[in-house]
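In what follows, a structure is listed as structure tokens, so that the remarks can point back to it.
Any value given below was found using the heavy atoms of this structure, including those in side chains, with hydrogens, waters and symmetry copies removed.
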Amino acid sequence: MIHAVDGVDVREGRNLDDVPPDDVSAADQEETTFTLRCEARVMHQVTTPHEDQSLLTAVASARDTALAAEVLELRAINEQLRRALASRAVIDQARGMVMALTPCSSARAWDLLVDVSQHCNVKLRDVAAALVATAKGEALPDRLQRELRRALRRAHAADRR
């Protein structure tokens with residue numbers, strides 16, 4: 001067990017900050033064992049080495065579980081960000097197309113795309129992808145085409161006021 005005072009192992013007289021990472025985890029385990037034994041003594045219980053190992057395994061398992069949960073959460077966030085970046089490029093291309101077809105600001109083009117998306121109940125990235133695909137010769141689906149025309153008419157009517 002480690003007896004540390006101000007980060008120095010009094011048993012070996014070394015600074016714990018200088019211990020290589022592999023030794024630190026062993027040191028952490030020894031420190032945890034020491035802490036658990038102290039807590040057990042305070043509660044007037046004596047722990048055996050086997051009980052110490054069980055407690056250490058439980059602590060390590062809880063740390064591993066928490067670490068695994070954090071890794072899974074970070075992977076999910078990473079995937080969401082990857083998809084968002086990919087979608088963003090297509091949306092920006094579609095916004096540029098709307099700005100070229102209908103002289104308007106970037107914000108107005110965004111509003112038009114959002115309007116079409118909401119009225120057709122289609123995700124914005126899918127509306128944008130369909131519009132960008134028209135540059136490659138694909139036809140814009142009828143429903144999106146009708147709603148885009150309506151959105152453009154509404155935008156022009158609002159501009160005339």
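Considering only residues two or more places apart in sequence or on other chains, Arg153 meets the salt bridge (charged side-chain N to carboxylate O under 4.0 Å, His left out) condition with none of them. Under the salt bridge (charged side-chain N to carboxylate O under 4.0 Å, His left out) criterion, Arg150 pairs with Glu147, sequence neighbours left out. Remark: Arg146 pairs with no residue by the salt bridge (charged side-chain N to carboxylate O under 4.0 Å, His left out) rule, at least two apart or across chains. With sequence neighbours excluded, the residues forming a side chain to side chain donor-acceptor pair (under 3.5 Å) with Ser106 are Arg95, listed by chain and number. Contacts of Asp126 classified as salt bridge (charged side-chain N to carboxylate O under 4.0 Å, His left out), with partners at least two apart in sequence or in another chain: none. Asp111 is linked by a side-chain contact (heavy atoms from CB on, under 4.5 Å) to nothing, counting only residues two or more places apart in sequence or in another chain. Among residues two or more places apart in sequence or in another chain, the side chain to side chain donor-acceptor pair (under 3.5 Å) test is passed with His156 by none. With sequence neighbours left out, the side chain to side chain donor-acceptor pair (under 3.5 Å) criterion links Arg108 to Asp159.
Residue Leu144 is found in a hydrophobic cluster whose other members, listed by chain and number, are Val90, Ile91, Met97, Val98, Trp110, Leu112, Leu113, Val114, Val116, Val122, Leu124, Val127, Leu131, Val132, Leu140, Leu148, Leu152; membership requires side-chain heavy atoms under 4.5 Å apart, directly or through intermediates. Other members of the hydrophobic cluster containing Ile77, listed by chain and number, are Leu81; membership follows side-chain contacts under 4.5 Å among ILVMFWY residues, whether direct or relayed.
Pairing each heavy atom of Arg125 with each of Ser87, the nearest pair is CD-OG, 3.2 Å. Across all non-hydrogen atoms, the minimal contact from Ala109 to Cys104 is N-SG, 3.9 Å.
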Would Arg83 and Glu79 count as a salt bridge (charged side-chain N to carboxylate O under 4.0 Å, His left out) if you check the C-alpha gap in whole Å, the side-chain angles of each, and the deciding distance to 0.1 Å?
-> CA-CA 6 Å; Arg83 276 186 273 146; Glu79 179 60 23; 3.5 Å; yes

